[in-house]
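This report refers to the structure that appears directly beneath it.
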Amino acid sequence: MLSACGGGGGSGSPPSGTDPDTGDNTPDEPGPPGTGQRVRVVHYDFDQNGTAEGRAELAYDSAGRVERIDYRYSDDGTPDTDFLSFSLDFGAENKTHEYAYDEDGYISSITMTSPSSRLVNLYTWNDQGLITDYSIEFYAPAGGLQNIVRYALIYDNGQLTGWNETFEPTGMPQSDLAEGVIAYDPVTALPMMISRTGRPGGMREDTELVFSDGGQVSSLTTTTPSIPDYESNISFVYSTQGRITERNVLPDDPAQTYSWLFTYNESLMQQQLIDMGSNGSYEAALSYEWEEGLCAQIMIWAPRAEPNFIATGSEPFIPGTGYARLDYCESTGSTL
């Protein structure tokens, strides 16, 4: 349930997981899960008519890690909202996400299967608890591997500085796809710019991140140097408890403007209301059912993952670098 975006930077305090003397922000191995509230079911109302056409049911393993999510769709007869380029990560197909973990408790794969496709996300971690390689394998409905997109992550003394993307179609030579570069604020140690450039000779996108004094991302602004008038902005609003209450997307195309309103029952998210066009009417809604049980925080990486956490001693990854948390456990600052 992660949203796509760009990269990082701005004002705020250095991540609290960073050693002030050495600058070391090497993550520890995942700690033991805590008992608390975790998401059991997510209901999707794609037309905001009061009937949820979609249902995502989560299952957890004995260590409290999400093990499987079953997405089921049932047409209610009302046309679903056309969200243009935006996706609710569901669609009108039933599908399943299966999660696997390595012996250290880090995520090793996410397999997404539907009647028309199968994608396998693979993660490789080093001894310092950092992802070094991330790949997406695309399979045909009949089961054959079609192509692979690979991301090789680049670090400097434990700090992620960029990545290289390659494309490997089955039976053909590998080709360069893009490269990413992350620039950090020398004072805050937070990312201030992420640039992604297509290869060879492709377009470059620059994403600037601005953080609040509390260490949460307040805005993402993406520009393209080759298109002087292009600008896309995402802004975030938080409660005094640090929980996200609004996410507003103002893209270059005004027709694709969106706003999210997040509501809570005490500390638990109850709804996400989606306003297409930001005109005050909600075209879709997500609602959540929670249960008590073990719940382990799981980290993943994706090049455009929005930062949805604040680095702490137990989560010393740097927000804005592509690392993101699977938000199925009760938490503050969650985007679910």
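Atoms considered below: every heavy atom in the structure, side chains included; atoms not considered: hydrogens, waters and symmetry mates.
Both Tyr155 and Leu190 are members of a single hydrophobic cluster when ILVMFWY side chains are connected at heavy-atom separations under 4.5 Å. Ile300 is connected to Val149 through a chain of hydrophobic side-chain contacts under 4.5 Å among Ile, Leu, Val, Met, Phe, Trp and Tyr, so both are in one cluster. In this structure, Tyr151 is a member of the same hydrophobic cluster as Met112, with clusters built from ILVMFWY side-chain heavy atoms closer than 4.5 Å. Follow the hydrophobic side-chain contacts under 4.5 Å out from Leu250 and you never reach Met276; the two are in separate clusters. Ile136 and Tyr139 end up in different hydrophobic clusters when Ile, Leu, Val, Met, Phe, Trp and Tyr side chains are linked at under 4.5 Å.
Counting heavy atoms from C-beta on, the side chains of Leu160 and Leu130 never come closer than 4.5 Å. Asn308 places none of its side-chain heavy atoms less than 4.5 Å from the side chain of Phe236. Residues Tyr264 and Gln241 are not in side-chain contact: their nearest non-hydrogen atoms beyond the backbone lie 4.5 Å or more apart. Within the 4.5 Å cutoff, side-chain heavy atoms of Leu145 are placed close to those of Glu137. Between Asp102 and Tyr123, every side-chain heavy-atom pair lies at or beyond the 4.5 Å cut-off. Ile244 is not listed as a side-chain neighbour of Gln216, based on a closest heavy-atom distance of 4.5 Å or more. Between Thr111 and Thr113, some side-chain heavy-atom pair lies under the 4.5 Å cut-off. Asp176 has its side chain within reach of Thr166: a pair of non-hydrogen atoms, C-beta onward, lies under 4.5 Å apart.
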(request) Output, in order, the C-alpha distance, side-chain angles, deciding distance and verdict of side-chain contact (heavy atoms from CB on, under 4.5 Å) for Trp163 and Ile131. (result) CA-CA 11 Å; Trp163 69 88; Ile131 294 173; over 6 Å; no

(message) Please evaluate residues Gln37 and Glu292 with respect to the criterion side-chain contact (heavy atoms from CB on, under 4.5 Å), reporting the C-alpha separation (whole Å), side-chain torsions for both, the decisive distance (0.1 Å), and the verdict.
(response) CA-CA 4 Å; Gln37 295 295 314; Glu292 187 169 344; 3.7 Å; yes

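Glu283 and Ser281 form a side-chain donor-acceptor contact under 3.5 Å, judged by distance and modelled atom types alone. There is a side-chain donor-acceptor pair under 3.5 Å between Asn49 and Thr78. No side-chain donor-acceptor contact under 3.5 Å links Ser235 and Ser219.
With rounding to the nearest 0.5 Å, the separation of OH in Tyr73 from OG in Ser114 is 14.5 Å. Separating the CZ atom in Phe317 from the CE atom in Met299 is a distance of 5.0 Å, to the nearest 0.5 Å. For the atom pair Met193 CE and Thr221 OG1, the distance stands at 9.0 Å (nearest 0.5 Å). Expressed to the nearest 0.5 Å, how far OH of Tyr238 lies from CZ of Arg243 amounts to 13.5 Å. Within the model, atoms CG of Leu58 and CD of Glu67 stand 11.0 Å from one another, a figure rounded to the nearest 0.5 Å. Phe262 CZ to Thr245 OG1: the interatomic distance, rounded to the nearest 0.5 Å, is 8.5 Å.
By the 30° and 60° cut-offs, the orientation of the rings of Tyr288 relative to Trp290 is tilted. Between Tyr44 and Tyr71, the ring planes lie tilted relative to each other; the angle falls in the 30° to 60° range. The aromatic rings of Trp125 and Tyr323 lie tilted to each other, with the angle between the two planes from 30° to 60°.
Ion pair Arg196/Glu205 not flagged as a salt bridge, since none of the NZ, NE, NH1 or NH2 atoms sits closer than 4.0 Å to an Asp/Glu carboxylate oxygen.
Asn126 places a side-chain N or O within donor-acceptor distance of the main-chain N or O of Gln128, the cut-off being under 3.5 Å. Without hydrogens or angle criteria, Arg72 side chain to Lys95 main chain gives a donor-acceptor distance under 3.5 Å.
Contact record, Leu326 with Ile107: CD1-CD1, 4.3 Å, taken as the closest heavy-atom pair. Looking at every heavy atom in both residues, Val41 comes nearest to Glu57 through CG2-CG, 4.2 Å. Closest approach of Ser109 to Leu122, counting heavy atoms only: CB-CD2, 3.7 Å. Contact between Asp206 and Ser195 at its shortest, heavy atoms only, is OD1-OG, 2.6 Å. Residue Leu261 comes nearest to Tyr282 through the heavy atom pair CD2-OH, 3.4 Å, listed as atom of the first residue, atom of the second, then distance. Contact record, Asp47 with Thr51: OD1-O, 4.4 Å, taken as the closest heavy-atom pair.
Legend: salt bridge (charged side-chain N to carboxylate O under 4.0 Å, His left out) pairs involving residues 115-125, not counting sequence neighbours: none detected.
With Tyr101 as the aromatic partner, Arg65 meets the cation-pi criteria of under 6.0 angstrom to the ring centre and within 45 degrees of the ring axis.
Glu168 pairs by the salt bridge (Lys or Arg N to Asp or Glu O under 4.0 Å) definition with Arg150, not counting sequence neighbours.
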